[in-house]
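Residue numbering restarts at 1 for every chain, and letters A, B, ... go by the order of the sequence lines.
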Amino acid sequence: MGVGTEAQKYVWEGAIPLQIHLHESEITTLPSPPPALILAPRIGYLPLLVPLIKPYFSSTLPPGSDTVWFDYKGLPLKWYIPTGVLFDLLCMGPERPWNLTSDPVWILQVHFRGYPGDLLSPCEGEESVKWSFINSLKEVEVVMQTHFGNHAKQAAYIINGNCKNVMNMSQPDQLELWRSFSNGNMEGNLRISSKLKLGAVGEESATKVISHHHQQSSSETDFSGPGRTGRIPVRLYIRSIEEDVDDLEDVPHIDSWDRISYLNRPVEMHKDEGKIFTLSDAIKTLLPECFEDEPSIDEEMSRIELEDGAKSPESTLSNKDPENLGSASTEPSEIKLIRIQGIEPKWDIPFSWVVSNLMNPEYYLHICVCIRVAQDPDKIW
Amino acid sequence: MESNLSCVSSMGMGSLSKAIRGYFTSVFSVYKVQRNDRELHLYDLHIVHSSSYRVPVLYFRGYNCEFIFPKDSYGLFLLVDGQPLALDDIKKDLPYHSSKILKDSRWTFMTQEEHPYLNRPWYALHPCGTSDWMKLLFDNEASVTENEEIVQQYLLSWLSVVGQVVGLRTPLEVFSKNTQCHVLF
């Protein structure tokens, strides 16, 4: 069987047209240089584009060494988030290419100086991105190995999960993995990463996709039996809005990463006989408060306990109003949007399909959601 | 170069174990490393539970500070600037064996991570080996989900190992039965 499904090919080939302007403070020549027009792979990362961008601006840069970073309308962009995810999360409306009322590009600014070290982790170009990628793979290996045979034997968090396979990758394999990824070579990349035996997901078609090694491997990674649970690596990016908007194009622009909540938490997938675990079920496990109509008394009590316990350190960190910590919201929050690889899937789509076809090359599924909250978003988390 | 644990924990261990069963663990401590008479490095240490690795992870961030009052009081010191210490500066504060490991495994031992709750770049001790060596310490513990005492012990044992990486000494008194986990010395 060939490596990769048709959907995966689309994911690998997906790209965002970027129009990149040099920040005005760094322009030393007149006339100012025209913007760089770059087609950025969705699954890639902005620092990897620097070799393509730099030639447009090198003659106009001030002297000194480069520390490259990007911003979107003033918001410094986190370089370790895949480009497609940044776009899906930060661009709700007008700039999205298929909106015909405006130019189909994402307009960004690039800086070669003045790296905002208090907001962004340092980036030393390709090496940083590569290691961030490999460390993510390690995390995936750990997430997918740890599972429960049945609830009675549920052991505590002390139990296992190690990232042996990724750690023991040979140098040539590591290099090949990285090269194939940065060259957009899907088949090469899938072939190498399948050696890592990172685990299969749910339905049969998914099993075939990720690795045909798995059909022979032990039952450890076979999640298709009834009553078994799997852990799926998911990164959830949550944008909260307070007012209800009819059109998501009207949501206010994000001026700080503090407005976005990030959850790096595996989804525990339960396989019940006859019931398919859907995307909606997956989001429910990560954001239970969005689906409750009225939280039960017990849940409220434990939520209050948890918040009380956390109150002292947290109150020194943020200006959360202590009076509101215990109050229950009478209205559940409402999910306005779920976006994955630029797609807004139907909520009842089987989650296993979503994972196997829409995950990124490091085996993480990145999900952007926009939720409307009844009260100040800072108080929810 | 002197390194002390200046103060530990604003959260009692009881609620800590509830938090562990939730999604996070946060114990705050402040840790100072004396550079010379006037200057010191101040570190924030946070322990955060990783839902992927299912172990605690040590996050830290350092700052440059200067003393205003004499150093033998716990007097006032000022942040020199808001910028966190870079890895090159942190390296100088590490015990020898750690700085050696850092040299050999540059990208996988101490990693630059965004703090899961504070949304800023911090450093973390990469957790990939943690569950393996914790197993050695806790081989016979069966069910720990409900047993708060074991949770405390787990965390303290973990800290006693991990702390050594950054030069943190966990005093023996902390391991007594009635641990409050407020330690000052």
Could you tell me which portion of [X] (side chain, backbone, both or neither) has an atom closer than 4.5 angstrom to a non-hydrogen atom of chain B?
X       : result
K78(A)  : side chain
S128(A) : both
P233(A) : neither
L120(A) : backbone

Do [X] and [Y] have side chains that approach each other closer than 4.5 Å (heavy atoms only, starting at C-beta)?
X       : Y       : value
N264(A) : P116(B) : no
Y80(A)  : E113(B) : no
V143(A) : S52(B)  : yes
D258(A) : R120(B) : yes

What's the shortest heavy-atom distance between [X] and [Y], and which atoms?
X       : Y       : answer
R231(A) : S51(B)  : NH1-O, 3.1 Å
N135(A) : Y53(B)  : O-OH, 4.1 Å
G117(A) : P121(B) : O-CG, 3.5 Å

Check your understanding: How long is the span from the CD atom in Q112(B) to the CD atom in E124(A), to the nearest 0.5 Å?
Key ->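 Spacing of CD (Q112(B)) from CD (E124(A)) equals 7.0 Å.
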Exercise for review: With rounding to the nearest 0.5 Å, note down the distance linking OG1 in T111(B) to CH2 in W131(A).
Suggested key: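 The CH2 atom of W131(A) is 11.5 Å from OG1 of T111(B), to the nearest 0.5 Å.
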